[in-house]
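Every chain is numbered from 1 and lettered A, B, ... according to where its sequence line falls, protein lines coming before strand lines.
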Amino acid sequence: MTASTAPLTRRRRMFPAWFRDVLSRPSGAIGLAIIVVHLAIALLAPMVVPYDFAAQDSKAMFADPSAQHWLGGDHLGRDVLTRTLMGGREAILVSTMATGVAVLWGGLFGIFLAFAGRFVDEASMRMVDALLAIPWILFVMLFVAGLGTGMGVLIPILGISYGLSIVRIVRAAALDVVTRDFILAARARGERRSVVIVHEMLPNVLDTLAVQAAMTWSWMLLGFSSLSFLGFGATPPTPDWGLMIADARSAMMVSPWPVLAPMIALSSLIIGINLLSDGLAKALGVDRMKKSAV
Amino acid sequence: MEFRMIGAAAAVAALMTLSPLVGHADDTLRLAWDEDWGGAESLDPISPNRHYMINDIIYSRLMREDDHGEPIPELATAWSASDDAMEWTIDLRDGVTFHDGTSFDAADVVYTFDRIMDPAIDSPVASVLQIIDHVEIIDDDMVKIVLSSPHADLPLLLLDYRIRMIPEGSGDTIAETGIGSGPFMLESFDPQGTSRLIAFPDYWEGAPKLAAVEVYSIPDSDARIQALLAGQIDMAGASFQQARLFQGNDAFVVQVYPAGSWQAIVFRTDTPPFDDPRVRKAIRIAADRQAFIDLVLGEGNGEIACDNPVWKGDPYRADIDCAQDIEGAKALLAEAGYPDGIAFDVYTSNLESEMVPIAEVYQQQVAPAGIKVNVVMAPADGYWSDVWMVESASITSWSERPADQILNEAYRSTSSWNETYYNNPDFDALLDRARSELDPAKRAELYGDAQRMLFEDGGSFIPYNMNGLRVVSSELTNIPGDHNDNWIRWELVTKDGATN
């Protein structure tokens with residue numbers, strides 16, 4: 001609609017067209033709103049939370065919600081509201097940065113493979129297939145067991161393991177583009193391969209990459225929280241949703257809030273990201289349900 | 001469609017398997033086995049995989065504990081030591097029969113001990129009895145235990161829950177037959193399903209009041225609590241959080257009993273900065289132990305321990321004062337060369353539900369003394385091999401043991417489980433003297449000195465002994481509320497109490 005009736009003189013707009021398109025779709029708008037709220041909470045939480053996240057109080061152990069503790073207390077009497085509000089900070093930071101790593105290496109390597117000769121492409125893809133056959137959690141644990149669980153370890157490892165599927169999808173998208181005339185022209189001009197990749201190929205697979213990035217972000221968030229749940233992610237007493245759920249689950253029947261609050265927080269953010277990636281996919285014309293060719 | 005059929009069939013099958021649980025047999029005690037050893041459970045009392053729940057019911061020991069933890073007669077009727085505590089003579093009970101009809105005598109006792117000490121069997125129980133040189137028959141009703149070094153408290157060692165009398169020559173079959181002399185005998189054994197024991201009419205203390213005991217495998221703790229709430233089992237251990245579900249419910253009695261298991265942060269005394277006794281003491285006295293009980297276990301679910309592995313129910317427990325002393329800790333740290341405080345890692349894992357909270361509470365407790373603790377999470381798999389006794393500070397967990405056993409097992413310089421790498425010849429010498437001291441009062445003093453030495457100089461921070469907690473159907477009678485399951489006289493238990 002906007003495209004056909006656009007005025008001839010281009011006015012500067014606050015947002016580019018594809019973004020306005022995302023916002024015009026309910027899934028995109030709602031998803032983005034949820035994410036913005038979560039990011040705002042994560043940024044502002046340290047300034048607004050009512051308690052110290054690590055302060056223990058035996059009188060508030062498994063306390064029911066009250067005026068003092070709106071969401072009650074956990075197994076060490078710590079304020080569940082405080083810990084839930086703070087609980088996304090590390091998860092969001094790690095998952096965002098790891099998504100960046102995954103998109104960067106997965107995207108560039110995927111495009112490179114579309115260019116590379118048949119032998120390199122085949123060999124690399126079979127290797128990617130082999131690595132994809134290993135469950136990601138096993139893959140991550142192999143490294144975590146040896147290197148520890150710091151952010152400096154988790155971000156690259158999560159990035160590398162989740163980047164594998166991006167390699168596959170971006171390569172497929174790039175193979176569609178690589179035989180187009182403008183690419184052939186660029187190569188005929190004698191452009192360096194890196195220039196062709198960055199200036200000619202990348203813009204043309206960016207829509208696929210954007211949708212994939214959003215989906216990877218939500219998987220990454222779930223992945224990091226699973227690691228925390230298992231004791232390999234955030235370190236106590238850091239407030240972290242996965243860790244909070246793990247700590248409180250044994251007392252779930254008598255004290256549900258310490259489990260419910262982080263569960264609701266985590267799932268709402270994941271739903272928000274998924275809604276956004278759905279909106280993105282529709283706006284950019286990338287069908288999420290369609291299987292890409294290999 | 002097919003899937004739906006399979007689903008329905010599975011549901012029916014599940015109901016059929018569960019149906020024996022639903023029945024309300026008034027003459028059958030129903031218990032839950034809470035371990036999951038993948039079916040490797042053995043009825044051999046000295047196997048590392050011993051099914052200790054069933055074994056406690058089908059076998060007998062020479063002695064059992066009285067209310068104060070002192071040995072009283074079971075299959076032994078009397079015992080006495082030579083003046084040098086090197087030889088013990090034990091009188092055996094007459095008229096005791098095994099489940100296969102053979103009678104119990106001195107040859108069975110010698111066989112049982114020889115088997116425990118047999119290097120070819122390599123039982124974990126052998127280390128408990130390593131001071132025994134040999135056991136010999138005096139006559140049918142009397143044996144003599146000859147020691148290789150003096151031990152005035154041998155009967156305390158013989159209380160070990162694994163030292164159970166089996167018939168002579170039964171070693172090869174005992175793991176399946178379970179032939180003992182206890183109040184119930186084995187009818188069927190399925191450690192991952194249902195095992196059934198039936199009353200042994202010839203039990204030497206009289207036939208049991210109930211007809212049978214059934215043991216269901218329910219390794220998941222929440223499932224166990226649900227089974228108890230639904231009336232499918234008659235009693236189960238519970239955590240203090242779970243016990244809240246039974247509050248105000250007349251159909252159940254919640255029993256909290258003092259017990260000797262303990263957890264601790266162990267600091268390797270051979271590794272800096274913990275090789276300095278002043279640092280060790282500072283990082284222990286900086287914590288308020290009551291806070292550990294209140295926060296980690298829940299108020300009233302533990303007894304304060306002063307870095308003292310001997311529990312309150314043990315006759316040799318020493319009284320030590322270990323109030324929190326932040327200023328004292330700061331002074332000790334300054335003296336040791338850390339005027340600005342100290343920082344170190346403490347390794348933990350979510351292997352047991354208290355192991356992470358202990359580290360978190362410790363971190364908060366000692367911070368005011370300038371002690372900065374960094375909690376490091378380690379995988380539960382391999383924790384005991386890769387972290388415990390490897391890293392310089394980690395969390396440990398021990399079950400209840402008598403004073404002599406735990407002091408020797410966890411702190412003697414030569415012990416393989418000397419987890420703090422404690423190497424103090426004075427401490428070892430104290431333990432040797434205590435073992436050979438025949439006067440009980442002097443012996444208590446020596447064991448007390450050893451415990452005080454650990455508080456001054458040792459490497460374990462032991463904040464508490466954990467109470468046990470058991471939820472019992474109010475139908476049951478004769479379940480002693482102030483002791484662990486080893487004290488239950490299974491032949492006396494009835495289901496005549498108040499009904500649901």
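Residues B/I218 and B/W33 form no side-chain contact, since every pair of their non-hydrogen atoms from C-beta on lies 4.5 Å or further apart.
Interface check for chain B: of the options A/A55, A/A54, A/G77, A/S255, the most heavy-atom pairs under 4.5 Å are formed by A/A54. Interface remark: of the candidates A/R78, A/M141, A/M252, A/R78 forms the most heavy-atom pairs closer than 4.5 Å to chain B. Residue with the most contacts toward chain B among A/D247, A/T235, A/T238, A/V144: A/T235 (heavy-atom pairs, distance under 4.5 Å). Of the listed residues B/V376, B/D294, B/D386, the one with more heavy-atom pairs under 4.5 angstrom with chain A than any other is B/D294.
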Verdict with supporting geometry, A/D129 and A/L131, side-chain contact (heavy atoms from CB on, under 4.5 Å): CA-CA 5 Å; A/D129 285 345; A/L131 287 174; over 6 Å; no
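Heavy atoms of B/Q364 lying under 4.5 Å from chain A belong exclusively to its side chain. Only the side chain of B/V356 comes within less than 4.5 Å of a heavy atom in chain A; its backbone stays farther off. Contacts of B/Q290 with chain A are absent, with no heavy-atom separation under 4.5 Å from either backbone or side chain.
Just one of A/T99, A/L227, A/V101 meets the side chain to side chain contact (heavy atoms under 4.5 Å, CB included) condition when paired with A/L158; it is A/L227.
Using a 4.0 Å cut-off between charged side-chain N and carboxylate O, A/D240 and A/R83 make no salt bridge.
Here A/H38 and A/W217 keep their ring centres 6.0 angstrom or further from each other.
Between B/F461 and B/Y362, the two ring planes are tilted [angle within 30° to 60°].
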